[in-house]
Amino acid sequence: MANTYTQIYIQLIFAVKFRENKISEEIRDDVEKYICGIFNHKKQRVLAIYANPDHIHIFFCYRNLQISIPDLVKVVKVESTNFVNEKKYLSNHFSWQEGYGAFSYSKSQKENVINYVLNQKEHHEKQSFKNEYIDFLKKFEIEFKNEYLFDFFE
């Protein structure tokens with residue numbers, strides 16, 4: 001598209017189905033690299049990614065407006081699910097839970113969000129994913145109903 005320029009920073013968060021701890025340290029790097037490849041193929045630029053055992057954070061520069069965020073998330077979930085299952089990384093089936101969070105940031109927040117995503121392991125030693133996700137919804141003033149959140153198992 002001629003004369004169309006964008007700079008939109010988005011953090012995506014979504015969970016493993018049933019919030020199971022399926023993304024082990026042994027496969028985390030491969031899963032992250034594969035997902036980054038999907039983003040690159042869709043002409044998006046990942047700035048930071050961290051796959052926790054039961055959920056993932058992806059901070060990216062949304063620059064190809066030819067694909068909507070819901071369509072991008074769908075492609076990422078389907079293709080990464082197929083990748084994990086075809087590689088037989090797990091003894092049972094892997095898939096992502098329905099839904100996701102997408103949160104926008106300004107350029108001035110970019111470095112802080114990158115650091116936040118890359119330091120997920122340390123962050124989750126202090127705060128659960130459920131509390132983290134609800135804090136995001138509140139911080140971004142998103143109205144929500146508990147029954148429509150991810151399945152959280154304490």
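In the hydrophobic clustering of this structure, Leu137 groups with Val113; members are Ile, Leu, Val, Met, Phe, Trp, Tyr whose side-chain heavy atoms approach within less than 4.5 Å, directly or through other members. Ile69 and Val78 sit in two unconnected hydrophobic clusters of ILVMFWY residues. Membership requires side-chain heavy atoms under 4.5 Å apart, directly or through other members. By the rule that hydrophobic residues join a cluster once side-chain heavy atoms approach within less than 4.5 Å of another member, Leu90 and Ile35 end up as members of one cluster.
Ala15 and Phe129 make their closest contact through CB-CE2, 3.9 Å (heavy atoms, listed as atom of the first residue, atom of the second, distance). When all heavy atoms of Thr6 and Leu65 are compared, the pair lying nearest together is CG2-CD1, 3.3 Å. Contact detail for Gln97 and Lys77: the closest heavy-atom pair is O-NZ, 2.7 Å. In terms of heavy-atom proximity, His57 sits nearest to Gln120 at NE2-OE1, 2.8 Å. Shown here for Val46 and Cys36, the closest heavy-atom pair between the two residues is CG1-SG, 3.8 Å. Considering every non-hydrogen atom in both Ala51 and Ile23, the closest pair reads CB-CG2, 3.8 Å.
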Please step through side-chain contact (heavy atoms from CB on, under 4.5 Å) for the pair Ile49 and Phe60, ending with a clear verdict. CA-CA 8 Å; Ile49 185 170; Phe60 71 103; over 6 Å; no
Walk me through it: do Val76 and Lys42 pass the test side-chain contact (heavy atoms from CB on, under 4.5 Å)? CA-CA 10 Å; Val76 169; Lys42 295 298 178 186; over 6 Å; no
Working note: Tyr50 + Arg28, criterion side-chain contact (heavy atoms from CB on, under 4.5 Å); need CA distance, chi angles, decisive distance, verdict. CA-CA 8 Å; Tyr50 194 91; Arg28 184 174 66 81; 3.3 Å; yes
Are Val75 and His41 close enough, and set up right, to give a side-chain contact (heavy atoms from CB on, under 4.5 Å), and what steps lead you there? CA-CA 11 Å; Val75 167; His41 181 73; over 6 Å; no
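Under a 3.5 Å cut-off, the side chain of Gln44 and the backbone N or O of Asn64 do form a donor-acceptor pair. Judged by distance alone, with hydrogens and angles left aside, the side-chain atoms of Glu32 form no donor-acceptor pair with the main-chain N or O of Asp29 at under 3.5 Å. Listed for the Asn85 side chain is a donor-acceptor partner under 3.5 Å among the backbone atoms of Phe94.
For NZ of Lys110, the number of neighbouring non-hydrogen atoms (other residues, nucleotides, ligands) closer than 6.0 Å is greater than 12.
Note that CD1 of Ile58 is 11.5 Å distant from CG of Leu47, once rounded to the nearest 0.5 Å. Rounding to the nearest 0.5 Å places CG of Asn119 at 10.5 Å from CD of Glu125. Of the inter-residue distances, the one linking Ile134 atom CD1 with Ser128 atom OG reads 8.0 Å to the nearest 0.5 angstrom. Taking CD from Glu132 and CD1 from Ile13, the interatomic distance works out to 5.5 Å, rounded to the nearest 0.5 Å. Taking OH from Tyr100 and CG from Leu72, the interatomic distance works out to 9.0 Å, rounded to the nearest 0.5 Å. We find the CD1-CD distance between Ile114 and Gln11 to be 11.0 Å, quoted to the nearest 0.5 Å.
Contacts of Tyr105 classified as ring-ring contact (aromatic ring centres under 6.0 Å, His included), with partners at least two apart in sequence or in another chain: Phe59, Phe140. For the side-chain contact (heavy atoms from CB on, under 4.5 Å) test, residues two or more places apart in sequence or in another chain that qualify with Gln7 are Tyr9, Lys107.
Looking at Phe18, Phe83, Phe14 one by one, the single match for ring-ring contact (aromatic ring centres under 6.0 Å, His included) with Trp96 turns out to be Phe14.
Val84 places none of its side-chain heavy atoms less than 4.5 Å from the side chain of Lys22. No side-chain heavy atom of Pro70 sits under 4.5 Å from any side-chain heavy atom of Val73.
Counting only N and O atoms by type, the side chains of His55 and His124 include a donor and acceptor under 3.5 Å apart.
With ring centers used as reference points, Phe103 lies under 6.0 Å from Phe136.
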